[in-house]
Undergrad: 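Here it is, the structure in full.
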Protein chains: 2
Amino acid sequence: MPISDAESVVMDVLWRSRVPMSAEDVVAALASSSDWREATIKTLLNRLLGKRAISATRDGKRYLYSARLKREDYVHTESKGLIDRLFGGRVAPLVAHFSEAGKLSKKDLAELRRLIEELDNDA
Amino acid sequence: MPISDAESVVMDVLWRSRVPMSAEDVVAALASSSDWREATIKTLLNRLLGKRAISATRDGKRYLYSARLKREDYVHTESKGLIDRLFGGRVAPLVAHFSEAGKLSKKDLAELRRLIEELDNDA
DNA sequence: ATTGATAGATTACAGACGTAAATGAAGAAG
DNA sequence: CTTCTTCATTTACGTCTGTAATCTATCAAT
């Protein structure tokens with residue numbers, strides 16, 4: 001089952017914490033960046049449980065939630081999906097697209113150069 | 001308004017044709033790659049009209065549809081959205097991700113090398 | 001003019017999503 | 001033991017999506 005946009009925001013909170021979090025913790029973590037009511041966040045936690053993207057272990061009265069889906073896997077699925085749909089499944093055309101749109105920063109450029117070089121050296 | 005996945009499949013057909021197409025043409029173009037009923041495609045065309053992503057000009061009995069939203073713009077919105085959400089808004093980390101996952105083909109590598117070189121030369 | 005075909009417009013309907021309120025159960029307080 | 005509090009679970013509800021069927025208007029044929 002795919003993780004929805006709203007759900008992924010909650011996942012982000014859990015991914016950032018290496019420790020299991022209570023619902024209250026999650027609510028607190030999102031207090032500044034979102035204006036979701038607590039009930040909304042509870043719903044999202046439950047849907048994520050249903051999708052088995054997170055797990056919950058009882059801690060007395062409440063539960064502690066932690067990510068079960070790995071961020072890397074999520075990122076990969078999403079990215080591959082987009083690259084398959086829009087760029088024929090290859091990464092270079094995406095980079096070319098951003099290059100042509102003038103959307104490659106100096107930093108990007110430098111990092112890409114370093115990456116390529118590194119790959120060339122070790123292949 | 002965002003273009004949905006199903007709608008984008010119809011857009012693809014229109015993007016590929018430099019000529020306006022009738023609904024029947026679109027149905028024909030999708031016959032092999034999808035198993036949508038004609039009614040479904042009509043619905044999608046109408047929704048795209050509603051979103052003003054395509055335009056229709058009467059041609060006797062029927063309409064001829066053509067893309068109004070440019071593919072480049074669509075691709076850019078989608079790609080930027082993903083890169084912002086998952087890679088801090090920069091392209092290089094996405095490439096790094098695929099590199100680490102061992103998902104950069106020889107072809108990708110070569111193309112990236114060429115791209116970087118070209119950008120270096122002209123900057 | 002009536003009838004049949006055809007293309008577009010309207011309606012349908014279940015599931016996902018964003019957003020949340022209401023309810024229920026279990027522990028804390030008195 | 002009864003009551004309050006606090007979580008979690010259930011229910012809600014409008015919109016969007018995927019997927020179509022049906023209705024309607026118009027053009028062609030008789």
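What you see below is based on every heavy atom in this structure, not just the backbone, and it leaves out hydrogens, waters and symmetry mates. Naming convention: chains lettered A, B, ... in sequence-line order (proteins, then strands); numbering from 1 in each chain.
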Undergrad: May I ask you to evaluate whether B:Ser22 reaches the phosphate of C:dA7, defined as a side-chain N or O under 4.0 Å from OP1 or OP2?
TA: no
Undergrad: Expressed in angstrom and rounded to an integer, what is the separation of B:Ile3 atom CD1 from D:dC16 atom C1'?
TA: 13 Å
Undergrad: Please give me the minimum heavy-atom distance between B:Ile3 and B:Ala53, naming the atom from each residue.
TA: CD1-CB, 3.7 Å
Undergrad: Does the pair A:Val75 and B:Phe87 meet the rule for a side chain to side chain contact (heavy atoms under 4.5 Å, CB included), with working shown?
TA: CA-CA 9 Å; A:Val75 165; B:Phe87 296 100; 3.4 Å; yes
Undergrad: Are A:Thr40 and C:dA20 close enough that a side-chain N or O sits under 4.0 Å from OP1 or OP2?
TA: yes
Undergrad: Taking only side-chain N and O atoms of A:Trp36, does any of them lie within less than 4.0 angstrom of OP1 or OP2 on C:dT19?
TA: yes
Undergrad: Among the candidates D:dA20, C:dA20, D:dT17, find the nucleotide nearest to the side-chain atoms of B:Glu7.
TA: D:dT17
Undergrad: Of the non-hydrogen atoms in B:Ser4 and B:Lys51, which two are nearest, and what is the gap between them?
TA: N-NZ, 4.1 Å
Undergrad: More 5' along DNA chain C: A:Asp35 or B:Leu64, using each one's nearest nucleotide?
TA: B:Leu64
Undergrad: A quick test of your reading: do over 12 heavy atoms of other residues, nucleotides or ligands sit less than 6.0 Å from NZ of B:Lys80?
TA: no
Undergrad: Across the strands shown, which category fits B:Ala39 at heavy-atom distances under 4.0 angstrom: base, sugar-phosphate, nothing?
TA: base
Undergrad: Hey, can you pull the residues of residues 41-63 of chain B with a non-hydrogen atom under 4.0 angstrom from DNA chain C?
TA: B:Lys42, B:Asn46, B:Arg47, B:Lys61, B:Arg62, B:Tyr63
Undergrad: Between CE of A:Met1 and CG of A:Leu69, what distance do you get to the nearest 0.5 Å?
TA: 13.0 Å
Undergrad: In whole angstroms, how far is the P atom of C:dT11 from the CZ atom of B:Arg37?
TA: 24 Å
Undergrad: Scan side-chain atoms only and decide if A:Thr43 and A:Asn46 contain a donor-acceptor pair under the 3.5 Å cut-off.
TA: no
Undergrad: Please report, rounded to the nearest Å, how far the C1' atom of D:dT19 is from the CD atom of B:Glu38.
TA: 14 Å
